[in-house]
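The structure appears below as structure tokens.
Residue indices begin at 1 and follow the sequence shown.
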Amino acid sequence: VKVAILHYWLVTMRGGEKVVEALCELFPQADVFTHVYNPDSISPSITQHKVTTTFIQKLPLATKKYQSYLPLMPLALEQLDLRDYDLIISSESGPAKGVITRPDAVHICYCHTPMRYVWDMYHDYRETAGLLKKLLMPPLIHYLKLWDYASAARVDHYIANSCFVASRIAKHYRREATVIHPPVSCADFTVSADRGDYYLMVGQLVRYKRTDIAVAACNTAGRKLVVIGEGEQLDELKRMAGPTVTVMGKQPFNVIREHYSKCKALLFPGVEDFGIVPLEAMASGRPVMAYRKGGAMETVVEGVTGLFFDEQTPESLNKTIDFYEANAGLFTADAIRNHALTFDVATFKQKMSHFVSMLNISH
């Protein structure tokens, strides 16, 4: 059986790329297809495969400004020749699933989320766009919505990374999806007996992550907070940070891992489709204070691995942190890490392998 793995772009190693990494290990003979590829930023598990790019790769500044070429990506996808492949697995949250496959081939879409900027977060993105983008977005997004919905019918089987995303697939594509949570490499994280006196936020500094809530909460209460990540809000958050808040910007993995293991708890005030970061903190034995919505509802066990707050406000978050500090003895590092282990890479591979084997794909 010849296997093709598709991913929207391979320019960094975040949650979506970790799924591709696990798929490449599960299917060592597979070929990889993507719009844009920067091998210097991608793990050896992926780079040792044959990687084919679309014509987007040849456009100016493609590895940095790839999202600007979003309107061209449907056309680029449809130029890929996948006639030789029996099984196609697309990793989707940008344009990846819209490829044309052989009539008797099987196409599985592992969906991290239907494209946010096309569906539920369109108005948020347009609101913060510059004047030119604001003018161009309505016709372009209208076209992308039509293509995205039409291309959804090209998929034979959907896998969602969470129940939250499965409900969005049902809403936007009118398709059912099997839920297989994405992999967390628990072996990369360790439990430390050495505790710091700070709370932690890790991730892209973009508006929907709501890092501003964590910063405002810790400013008000005088709590120490460390923020690790880069993105459009970096300068804004640095200006916003009070004397107890440190915005570190982008950091290497060893620094992130150390901060996970030594923080009091991870703060998670955004709504994520799944959210790998809370599980990385849990794999380090640290609890999570999360907003009660989205993928965190499937990973945080209240009173065991963390706590929820009910409103996206600094006041609601501080109330939950107050409760945590008064009851920190309820949370044990071993119990938290053991829960994270149920999301380990080995579990993901076993579930994906079983799903594929049930389809009886032949050449």
Geometric class of the Y291/F309 ring pair [parallel <30°, tilted 30-60°, perpendicular >60°]:
tilted
Using the six-membered ring wherever Trp is involved, compare the ring planes of F274 and F343 and label them parallel, tilted or perpendicular (cut-offs 30° and 60°).
tilted
Interatomic distance, L279 atom CG to E298 atom CD [nearest 0.5 angstrom]
10.5 Å
When you measure from the side chain of T53 to the backbone of V36, do you find a donor-acceptor pair of N or O atoms at a distance under 3.5 Å?
no
E280-Y260 side chain donor-acceptor pair, cut-off 3.5 Å
yes
Within the 4.5 Å heavy-atom criterion, are H35 and P95 side-chain neighbours or not?
yes
Hydrophobic cluster identity match, L330 and L266, side-chain contacts under 4.5 Å
yes
Hey, would you say the F27 and H49 ring centroids sit under 6.0 Å apart?
no
Option passing side-chain hydrogen bond (donor to acceptor under 3.5 Å, both in side chains) with D197 (candidates K264, R223, K262, K224):
K224
Name the orientation class of the two ring planes belonging to H157 and F355 (parallel below 30°, tilted from 30 to 60°, perpendicular beyond 60°).
perpendicular
Does one side chain, of T34 or H7, offer a donor that lies under 3.5 Å from an acceptor on the other?
no
Do P60 and Y69 come within less than 4.5 Å of each other through their side chains, counting heavy atoms only?
yes
Looking at R337 and A283, would you say the former's side chain and the latter's main chain have a donor-acceptor pair under 3.5 Å?
yes
Does Q233 use its side chain to pair, donor to acceptor, with the backbone of L237 at less than 3.5 Å?
no
For a quick check under 3.5 Å, do Y85 and T101 share a side-chain donor-acceptor pair by atom type?
no
So, R207 and E236, do they make that salt bridge, N to O below 4.0 Å?
yes
Taking H107's backbone N and O only, do any of them form a donor-acceptor pair with D156's side chain (distance below 3.5 Å, no angle check)?
yes
